[in-house]
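Below is one structure, written out as structure tokens; comments come after it.
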Protein chains: 2
Amino acid sequence: MTRAPQKRRLETRAALLREAEGLILENGFSALRVEDVVERAGVAKGTLFSHFKDKDGLLAVLIGARVMALMDEMEAQPSPEDVEDLCDLLSPLLCFIAQDRVVFDILLRYSGSTSAVIDETVTQSFHRQINQLSAWISVLQNTGQIRQDAAPELLAEGIQAFLNHVLALWFCVDHENGETPSSALLPLLQTWLAAPA
Amino acid sequence: MTRAPQKRRLETRAALLREAEGLILENGFSALRVEDVVERAGVAKGTLFSHFKDKDGLLAVLIGARVMALMDEMEAQPSPEDVEDLCDLLSPLLCFIAQDRVVFDILLRYSGSTSAVIDETVTQSFHRQINQLSAWISVLQNTGQIRQDAAPELLAEGIQAFLNHVLALWFCVDHENGETPSSALLPLLQTWLAAPA
DNA sequence: GGAGTAAAGTGACCGTGGTCAAGTTTAAAT
DNA sequence: ATTTAAACTTGACCACGGTCACTTTACTCC
């Protein structure tokens, strides 16, 4: 039987997350160093690894929280009226992930949407994404904007695949001009959701 | 002006690749250690990094070669007659990548198909994939097996996205039962290529 | 209170990828 | 044959993530 964690432990965990968040705001995700986090939090290195499986585990919590916040914003938006609207709604999420390769890597690693450990924030965020996308797709199907020969859940899964695809491409090319990841997404989504003539 | 590489250098490079290949055959990609490679090749550690940008660079060469071999086999096959055939043809490639997370990670990192440095084997292999897929798609379009409202190249790009998607899922779940990555691919491909009624 | 026990935290230590100033080999120039 | 500069290689060194036997703290029961 496992007991409830002590107050001290909760405080330590909070300190680790708080300081990590601060360092990320200063230098970005890629530059985060475990040594820096524990130094600022005033704990030993080993402590961090008793709270999180590894550095990626810590990052996953922080990234999961950010994605959840983005999902809140998404859900507050009105339902898209066409595929371009849909693309625009996805743009903030895409831009967040596109900011740093580490974010993309972590999310991809945990993207087994319907995986076992549900209590992980990241996994929850994927469920929300699928649900949200499915809901929007349902509406678009009912208004005849998009194809109706596939289940909303399948179409939502496909959109996730395309999101990851454009992000993977994003990290392989230079970006002098002001292009965004979502501009590459639109043609794929239009073809995937192709409204029948 | 850069001179042609000396004979000694070519031999060193060949030795590094040969020994790395051997170690991978013994222990798999994930277990490869730089120290082991240089020891077997009889060179110093620094030498490896003068031949390859980093460990991933070495792996990319070896993985690229394997993918090229798989592409040779693919191109030797007759053109698929329907989407299920297509799925079967992709299965060997999928199984190769599914064998080890490292393989997937490396390929994903270099999957910016039409990227700058063309002389990289991995990049070349992506071009071949796109070309091969496009060719197959053209045939299927002409026989009326699949949709004709999108360019073969776009449909091929989408297939790549789905390949990566099912692989990402593959690494997120356990596999007791004898399922393969390509079984998850089929429904996505059928919907993506959906023959109009 | 004090003894006993489980939780929490510690930091020296390790493995591994990657660097770089210095040394060695090669081959072109004379 | 000698010189010379570039190509090539070396290995001590560093950075960073992660481990684990041990110490300290907090809770429980008498």
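Numbers restart at 1 for each chain; the letters A, B, ... are given by sequence-line order, proteins then strands.
Across every non-hydrogen atom of B/V67 and B/Q129, the tightest pair is CG1-NE2, 3.9 Å. Taking each heavy atom of A/L90 and A/M74 in turn, the nearest pair found is CD2-CE, 4.0 Å. Of all the heavy atoms in A/D100 and A/S30, the pair that sits closest is OD1-OG, 2.5 Å.
Taking atom CD of residue B/E39 and atom C1' of nucleotide C/dT16, one finds them 14 Å apart after rounding to whole Å. Atom CG in B/L16 sits roughly 14 Å away from atom P in C/dG18 (whole-Å rounding). Look at CG on B/L59: it is 15 Å from C1' on C/dG18, rounded to the nearest Å. To the nearest angstrom, P of C/dT16 lies 8 Å from CG of B/D36. Here the P atom of nucleotide C/dG17 and the CG atom of B/L48 are 10 Å apart, to the nearest Å. If you take CG of B/L10 and P of D/dC8, they are 8 Å apart, rounded to a whole angstrom. At whole-Å resolution of the value, NZ in A/K7 and P in D/dC27 are 9 Å apart.
Classification of A/R40 and A/E26 as a salt-bridged pair holds, one side-chain N sitting under 4.0 Å from a carboxylate O. Between A/E39 and A/R33, none of the side-chain N atoms (NZ, or NE/NH1/NH2) sits under 4.0 Å from a carboxylate O, so this pair counts as no salt bridge.
Dashed line: the shortest gap from a side-chain N or O of B/H51 to OP1 or OP2 of D/dT9 is under 4.0 Å.
In this structure, B/L17 and B/L58 have side chains that are in contact, with non-hydrogen atoms separated by less than 4.5 Å.
Ring centroid separation for the pair B/Y110 and B/F126 does not come in under the 6.0 Å cut-off.
The aromatic rings of B/F162 and A/W192 sit tilted relative to each other, their planes meeting at an angle between 30° and 60°.
End-to-end axis angle of the helix from C/dG1-D/dC30 to C/dT30-D/dA1, from C1' rotation axes over five pairs per end: 0° (rounded to 10 degrees).
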Give me the distances for all protein-to-nucleotides 17-24 of chain D N/O pairs that come in under 3.5 Å?
{"residue": "D/dG17", "atom": "OP1", "partner": "A/K55", "partner atom": "NZ", "Å": "2.8"}
{"residue": "D/dG17", "atom": "OP2", "partner": "A/V34", "partner atom": "N", "Å": "3.0"}
{"residue": "D/dG17", "atom": "N7", "partner": "A/K45", "partner atom": "NZ", "Å": "3.0"}
{"residue": "D/dG18", "atom": "OP2", "partner": "A/K55", "partner atom": "N", "Å": "2.7"}
{"residue": "D/dG18", "atom": "N7", "partner": "A/K45", "partner atom": "NZ", "Å": "3.4"}
{"residue": "D/dG18", "atom": "O6", "partner": "A/K45", "partner atom": "NZ", "Å": "2.8"}

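Using a 4.0 Å heavy-atom cutoff across all strands shown, A/T12 reaches sugar-phosphate atoms only and no base atom.
No side-chain donor from either of A/Q145 and A/E81 sits under 3.5 Å from a side-chain acceptor of the other.
When distances are taken from the side chain of A/Q6 to each of C/dT10, D/dT10, D/dC27, the shortest belongs to D/dC27.
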